[in-house]
Protein chains: 2
Amino acid sequence: MSIRSDVKTVIHDDLCEINLVDKRMVKKVIGKLEDDVALLELADLFKAFSDSTRIKILRALSISELCVCDIAAVAGISQSAVSHQLRFLRMSRLVKYRKDGKMVYYSLDDDHVRKLIDQGLEHVKEER
Amino acid sequence: MSIRSDVKTVIHDDLCEINLVDKRMVKKVIGKLEDDVALLELADLFKAFSDSTRIKILRALSISELCVCDIAAVAGISQSAVSHQLRFLRMSRLVKYRKDGKMVYYSLDDDHVRKLIDQGLEHVKEER
DNA sequence: TTAACATCTGAACGTATGCTCATATGAGCG
DNA sequence: CGCTCATATGAGCATACGTTCAGATGTTAA
């Protein structure tokens, strides 16, 4: 019930008071900012790209559709690890798959994925 | 010294032998794939975007330069947490800063960062 | 100099993450 | 049917990560 007077605290709801340097700009930024759910989804999207195994898989699939064991060969990791990561990518809707007998072939679900990887690679390459 | 006969094992160096379904395609993909270091850097780049606090900070900075305490206000988290994440982003060379007295103002280091966020947002918004 | 303030930093702690290992499922084949 | 192969999955474990807390640093102003 009491009003917090802790210096470090900023009450977020109504943008008050304490410790704000440029109140107007803070309001403006909060106004433009996407809602928390969207930003969480955005973070989760990038999370899919943030592991070296997964990015290798995604990059490989951006070159060609591949079956699970060939993905493992390309990425140089165990089939089990690949399978776990593919599940992650499937659930993130970044890859799709088709079954052919006992084989399962994976490919990118969406061209955005390719674009994101390309954009990222561009940045990485510039940093050299 | 002994040659592994474990079925699950694929010797990566010379693309051999066991469990490869489409040997030609595997070779082709490996040929096109960036080297491990580049892919690791790529994963690290995306890692910077993969946390909801960091993406919030980056997105806020893509709207306007802000000082630390205003970032904390916008993101709704403690100044200390912000500071730790800013260090991360600084070391990833995604943000730059200028000092003005005791204040420190952060902004995006590079337009690629903005592009990546925009591209990601586009994907997220389409998924609805 | 002292006080107040903005920011930074290290340690500690709980949680999330990615791997391995063992095993399950499910298709093709003899 | 029973075997093999391709893939999937659950448990367990070690490591990585993000936060908080306490305190350090550095700047401004009285």
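Note that the structure is predicted; figures quoted are calculated from it, not measured. Below, chain A is the first sequence line, B the second, and so on; all start at residue 1.
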note: B:Ile77, atom CD1; D:dC17, atom P; distance rounded to Å ~ 17 Å

Between P of C:dA27 and CZ of A:Arg98, the distance in whole Å | 17 Å

Rounded to whole angstroms, how far apart are NZ on A:Lys56 and C1' on C:dG18?
-> 14 Å

Starting from the 5' end of DNA chain C, give me the residue, A:Ala81 or A:Val21, whose nearest nucleotide shows up first.
-> A:Val21

Nucleic acid contacts - residues 82-90 of chain A versus DNA chain C, non-hydrogen atoms under 4.0 Å = A:His84, A:Gln85

What's the CE-P distance between B:Met103 and D:dT28, to the nearest Å?
-> 12 Å

Reckon B:Arg54 has a side-chain N or O less than 4.0 Å from the OP1 or OP2 of D:dG18?
-> yes

Have a look at B:Tyr105 and say if it touches a base, only the backbone sugar-phosphate, or nothing, with a 4.0 Å heavy-atom cut-off.
-> nothing

Is the shortest side-chain N/O distance from A:Thr53 to OP1 or OP2 of C:dG18 below 4.0 Å?
-> no

Checking A:Ser83 side chain against A:Gln79 main chain: does a donor-acceptor pair fall under 3.5 Å?
-> no

Evaluate the side-chain proximity of B:Leu94 to B:Leu45: yes if any heavy-atom separation is below 4.5 Å, no if none is.
-> yes

Take atom CE of B:Met91 and atom C1' of D:dC17, then tell me their distance rounded to the nearest Å.
-> 13 Å

Whole-Å distance separating the CG atom of B:Leu66 from the C1' atom of C:dT7 = 15 Å

Among the nucleotides C:dT7, D:dT20, C:dG18, which one has an atom lying closest to any side-chain atom of B:Ser78?
-> D:dT20

Phosphate-side-chain proximity, B:Ser80 and D:dT20, N/O vs OP1/OP2 below 4.0 Å | no

Can you find a side chain N or O atom of B:Tyr106 that sits less than 4.0 Å from OP1 or OP2 on C:dC8?
-> yes

Would you mind reporting whether A:Val29 and B:Leu61 have side-chain heavy atoms less than 4.5 Å apart?
-> no

Is it true that atom CZ of B:Arg24 has more than 12 heavy atoms of other residues, nucleotides or ligands lying nearer than 6.0 Å?
-> no

Looking for any heavy atom pair under 4.0 Å, which part of the strands does B:Tyr97 touch: base, sugar-phosphate only, or nothing?
-> nothing

Sub-3.5 Å donor-acceptor pair from the side chain of A:Arg54 to the main-chain atoms of A:Phe49, do we have one?
-> no

Among pairs that include at least one residue of residues 113-122 of chain A, which meet side-chain hydrogen bond (donor to acceptor under 3.5 Å, both in side chains), considering only residues two or more places apart or in two chains?
-> A:Asp111-A:Arg114

Only one of A:Leu40, A:Leu42, A:Asp36 passes side chain to side chain contact (heavy atoms under 4.5 Å, CB included) with B:Lys56, and that residue is A:Asp36

B:Val21: hydrophobic cluster co-members (side-chain, 4.5 Å) | A:Met103, A:Tyr105

Want to settle it: does A:Val68 or B:Ser52 sit nearer the 5' end of DNA chain D, counting the closest nucleotide to each?
-> A:Val68

With respect to the phosphate group of D:dC17, does any side-chain polar atom (N or O) of B:Lys47 fall under 4.0 Å of OP1 or OP2?
-> yes

Whole-Å distance, A:Asp70 CG to D:dA6 P, equals 10 Å

What integer distance in Å separates B:Asp44:CG from D:dA16:C1'?
-> 12 Å

Closest to the B:Gln79 side chain: C:dA6, C:dT7, D:dT7?
-> C:dT7

